[in-house]
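Structure first, then comments.
What you are looking at is a predicted structure, and each value in this text was computed from that prediction instead of being measured. Below, each value reflects all heavy atoms present in this structure, side chains not excepted, and no hydrogens, waters or symmetry copies.
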There are 2 protein chains.
Amino acid sequence: MLSDDELALLEAIRSTGSLSRAAAHLGKAPSTVSHAARQLETRFDALLFDRRRYRLQLTPAGELLTREAGRLVQDVARLNQRVKQVANGWEDRLHVVTDEILEFETLLPVIRAFDALQSGVRLRLTHEVLGGTWEALREGRADLVVGATNEPPAMPKLRWFELGTMDWVFAVSPRHPLAKVAGPLSQDAVGAHRSVVVADSSRNVGRAYGIVGGQATLAVPSMRAKILAQRDGLGVGWLPRHRASALLRSGQLIEKAMSEPREPNTLYVAWRSDHEGRALSWWLEQLRQPRLAKRLILGLPVSAENR
Amino acid sequence: MLSDDELALLEAIRSTGSLSRAAAHLGKAPSTVSHAARQLETRFDALLFDRRRYRLQLTPAGELLTREAGRLVQDVARLNQRVKQVANGWEDRLHVVTDEILEFETLLPVIRAFDALQSGVRLRLTHEVLGGTWEALREGRADLVVGATNEPPAMPKLRWFELGTMDWVFAVSPRHPLAKVAGPLSQDAVGAHRSVVVADSSRNVGRAYGIVGGQATLAVPSMRAKILAQRDGLGVGWLPRHRASALLRSGQLIEKAMSEPREPNTLYVAWRSDHEGRALSWWLEQLRQPRLAKRLILGLPVSAENR
DNA sequence: ACAACATGTGCAACTCCTTCGAACGAGTTC
DNA sequence: GAACTCGTTCGAAGGAGTTGCACATGTTGT
């Protein structure tokens with residue numbers, strides 16, 4: 001291994017281009033530097049210095065060594081920083097997984113506030129669809145899950161609280177055939193039309209929201225895309241009521257009563273009680289604030305303006 | 001910086017889960033290990049060991065440190081290997097740039113033979129179009145250029161030799177309008193038809209082979225694609241005679257005489273006389289062999305079978 | 001051409017750090 | 001409760017790293 005001193009020595013030799021100057025630069029005796037240099041060569045079993053001329057020079061091998069050694073120093077410095085950070089109770093990294101029905105933008109202020117803490121914790125945010133959130137937690141891909149749907153499954157050391165409930169509305173474009181059907185819609189009536197589903201492209205499991213067996217589907221990458229697709233009459237399906245509200249008001253989407261209404265979804269925040277660090281605690285504290293929870297659940301209404 | 005011993009110490013503590021066993025494992029006295037461990041904590045200014053219970057354990061910070069330290073050790077071992085390699089005269093890496101008119105496959109046997117040397121030199125092969133090869137050499141993106149076209153430009157420390165000459169044939173599909181024109185074709189006659197050009201997609205400079213100003217062009221990614229495109233009548237242009245030979249024989253391409261014939265191209269091998277390592281020398285030695293040079297220049301004829 | 005200076009190296013002496021053994025307190029096992 | 005395992009403290013010993021000096025070699029200035 002390369003010691004700190006040896007690294008500094010190499011660097012000094014490179015920059016000054018001479019042993020004695022390097023020695024002066026390091027505040028050591030010239031003989032020390034000479035000795036240490038030889039020792040380095042012995043240890044690496046390679047000629048690092050070209051001593052044929054008056055002032056010695058680094059050989060290509062020595063050049064490579066100093067260059068790469070410099071990078072190593074940086075790596076070690078970073079590691080040092082990370083170790084201290086972890087020792088102070090901050091995680092090395094925090095992986096937050098949100099359910100796709102939450103809009104990423106609503107988390108931005110929280111991320112900004114977290115950044116302002118200067119904790120050094122590397123944030124990683126991804127999203128999953130349906131049970132994918134719980135699975136991510138179980139498999140250790142997630143440290144914190146926000147907005148998970150369905151009941152929390154049995155899992156050792158699982159902890160959770162409710163974020164809130166989300167109301168749904170079955171809505172169609174005014175130009176869609178279902179718009180003209182009077183009275184509450186039955187499952188069969190809906191099944192004859194194509195439904196729009198949010199599907200996760202990254203993991204190719206056939207997961208999607210609100211699929212009924214055998215129904216034709218249009219898979220889109222996000223809830224926002226689903227709302228827009230239904231506005232344009234490309235298909236039908238359940239939408240978060242608040243996010244569709246503006247379009248419902250402007251008449252670009254029409255609410256349809258259903259023979260089997262959809263129960264409001266309860267959304268959960270969940271984590272594992274092992275490795276609870278300061279970053280996780282901070283996030284939990286934020287998410288327990290009713291104002292933030294409400295903003296997350298409601299999401300950003302899709303504006304009626306952009307047609 | 002982390003010394004070799006400290007690394008071994010951390011690893012031993014992690015695997016044995018106790019200081020005394022770690023000491024026995026390392027062949028040292030327990031007191032030594034205890035002392036060193038404390039010193040580590042002082043240096044990192046962080047609690048690395050949890051001593052509250054009977055047998056001490058690594059804290060999360062200590063865990064992180066040992067884990068990452070292990071990676072560092074590997075990095076250093078690799079660096080060690082590379083330094084030795086360079087000290088033995090091998091380059092750390094060799095960047096070979098070929099002109100696009102050479103077929104990559106013809107270099108495969110050479111690459112295999114080079115691999116068999118077990119030199120440890122990391123090969124990197126890319127291709128350029130037209131002057132791009134010389135530019136790559138000038139800008140240090142290439143250590144060796146194979147098959148460069150045009151005359152070697154003025155460049156300090158440039159060295160080169162001729163690889164051979166490449167003959168061209170102007171060929172069109174039998175279904176192409178130009179196929180029926182009798183006698184040598186003039187520039188104007190050709191200019192009325194779309195030409196197929198090889199263009200480099202990676203660098204978006206508007207470089208291509210055989211463009212005449214104002215002529216409609218079809219840009220394709222390789223010489224092989226150009227030959228196939230011309231076979232299918234998508235355009236016209238000059239082709240390496242040998243590579244088109246099979247298609248000319250089978251009648252899928254027809255050679256046309258030209259009022260201004262194209263001079264055979266001389267192809268060059270070039271490198272810079274600074275940093276000449278063993279890998280470069282080896283490649284030059286190979287490329288000087290007439291058999292290989294001929295194979296490179298002629299390339300792989302595009303087979304007449306696959307329609 | 002000669003002196004003055006700079007540079008790298010070998011050697012003996014020195015200094016400080018690492019290592020060790022012994023002793024001790026605390027916790028565990030039978 | 002005795003025998004043990006474990007981690008720590010402390011002073012002493014050994015050794016690696018460091019230093020000053022002498023010397024050979026090469027460079028610069030007058």
Side-chain angles (χ1 to χ4, degrees), chain A residues 1-63 65-66 69 73 76 80 87, chain B residues 1-63 65-66 69 73 76 80 87:
Chain A
M1 194 79 188
L2 286 161
S3 83
D4 226 344
D5 294 344
E6 288 165 329
L7 248 18
L9 183 121
L10 279 168
E11 180 51 34
I13 293 178
R14 196 192 60 71
S15 64
T16 64
S18 113
L19 284 197
S20 0
R21 291 191 195 178
H25 201 267
L26 296 172
K28 304 197 171 183
S31 52
T32 310
V33 177
S34 173
H35 188 69
R38 282 212 179 274
Q39 197 168 336
L40 260 182
E41 284 184 317
T42 314
R43 193 128 60 77
F44 276 90
D45 190 23
L47 272 89
L48 303 177
F49 310 99
D50 183 354
R51 305 158 204 266
R52 284 172 307 184
R53 284 177 239 176
Y54 181 43
R55 302 166 133 226
L56 67 81
Q57 275 188 316
L58 284 170
T59 62
E63 200 91 44
L65 181 60
T66 54
V73 171
V76 173
N80 210 317
Chain B
M1 194 78 188
L2 286 160
S3 84
D4 225 344
D5 294 344
E6 289 165 329
L7 246 20
L9 182 121
L10 280 169
E11 180 53 33
I13 293 177
R14 195 191 59 73
S15 63
T16 64
S18 112
L19 282 198
S20 2
R21 289 190 197 180
H25 201 268
L26 295 171
K28 304 196 172 183
S31 54
T32 310
V33 177
S34 173
H35 189 69
R38 281 215 178 274
Q39 198 169 334
L40 259 181
E41 284 184 318
T42 313
R43 193 128 60 76
F44 276 89
D45 190 24
L47 272 89
L48 303 176
F49 310 98
D50 183 354
R51 305 157 205 267
R52 285 171 305 184
R53 283 178 241 177
Y54 181 41
R55 301 166 135 228
L56 94 172
Q57 275 188 315
L58 285 169
T59 61
E63 200 90 45
L65 181 60
T66 54
V73 171
V76 172
N80 210 316

Side chains of [X] and [Y], heavy atoms from C-beta outward: is any pair under 4.5 Å?
X: A:N80; Y: B:D45; result: no
X: A:H25; Y: A:L9; result: no
X: A:L56; Y: A:I13; result: yes
X: A:R55; Y: A:R21; result: yes
X: B:T59; Y: B:F49; result: no
X: B:D50; Y: B:L58; result: no

Interatomic distance where [atom1] belongs to [X] and [atom2] belongs to [N] [whole Å]:
X: A:R53; N: C:dA6; atom1: CZ; atom2: P; result: 22 Å
X: A:E41; N: C:dT9; atom1: CD; atom2: P; result: 9 Å
X: A:D50; N: C:dG8; atom1: CG; atom2: P; result: 12 Å
X: A:D5; N: C:dC17; atom1: CG; atom2: P; result: 12 Å
X: A:E6; N: D:dA16; atom1: CD; atom2: C1'; result: 12 Å
X: B:H35; N: C:dA22; atom1: NE2; atom2: P; result: 19 Å
X: A:L19; N: C:dG10; atom1: CG; atom2: P; result: 12 Å
X: A:L48; N: C:dG8; atom1: CG; atom2: C1'; result: 16 Å

Under 4.0 Å from OP1 or OP2 of [N]: is there any side-chain N or O of [X] that close?
X: B:T32; N: C:dC20; value: yes
X: A:R51; N: C:dT9; value: yes
X: A:R38; N: C:dG10; value: yes
X: A:S34; N: C:dG8; value: no
X: A:Q39; N: D:dA16; value: no

inquiry  = Quick check on the helix from C:dA1-D:dT30 to C:dC30-D:dG1: what's the angle between its two end axes, five base pairs per end, to the nearest 10°?
reply    = 30°
Closest heavy-atom pair and its distance - A:A69, A:L7 = CB-CD1, 3.2 Å
key: Minimum heavy-atom distance B:A46-A:A87, with the two atoms named   = CB-CB, 3.4 Å
message = Regarding D:dG20, can its base be found pairing with the side chain of A:S31 as donor and acceptor, where the two atoms are less than 3.5 Å apart?
response = yes
Any N/O donor-acceptor pair, A:Y54 side-chain to C:dA6 base, under 3.5 Å = yes
ask   = Of the nucleotides C:dG8, D:dC6, C:dT19, which one has an atom closest to the side chain of A:S20?
value = C:dG8
request  = Could you tell me whether B:E6 and B:R43 have a side-chain N and a carboxylate O separated by less than 4.0 Å?
outcome  = yes
ask   = Atom CG of B:L10 and atom CG of B:L40: how far apart are they, to the nearest 0.5 Å?
value = 5.5 Å
query = By a strict heavy-atom criterion of less than 4.0 Å, which residues belonging to residues 21-30 of chain A are in contact with DNA chain D?
reply = A:K28, A:A29
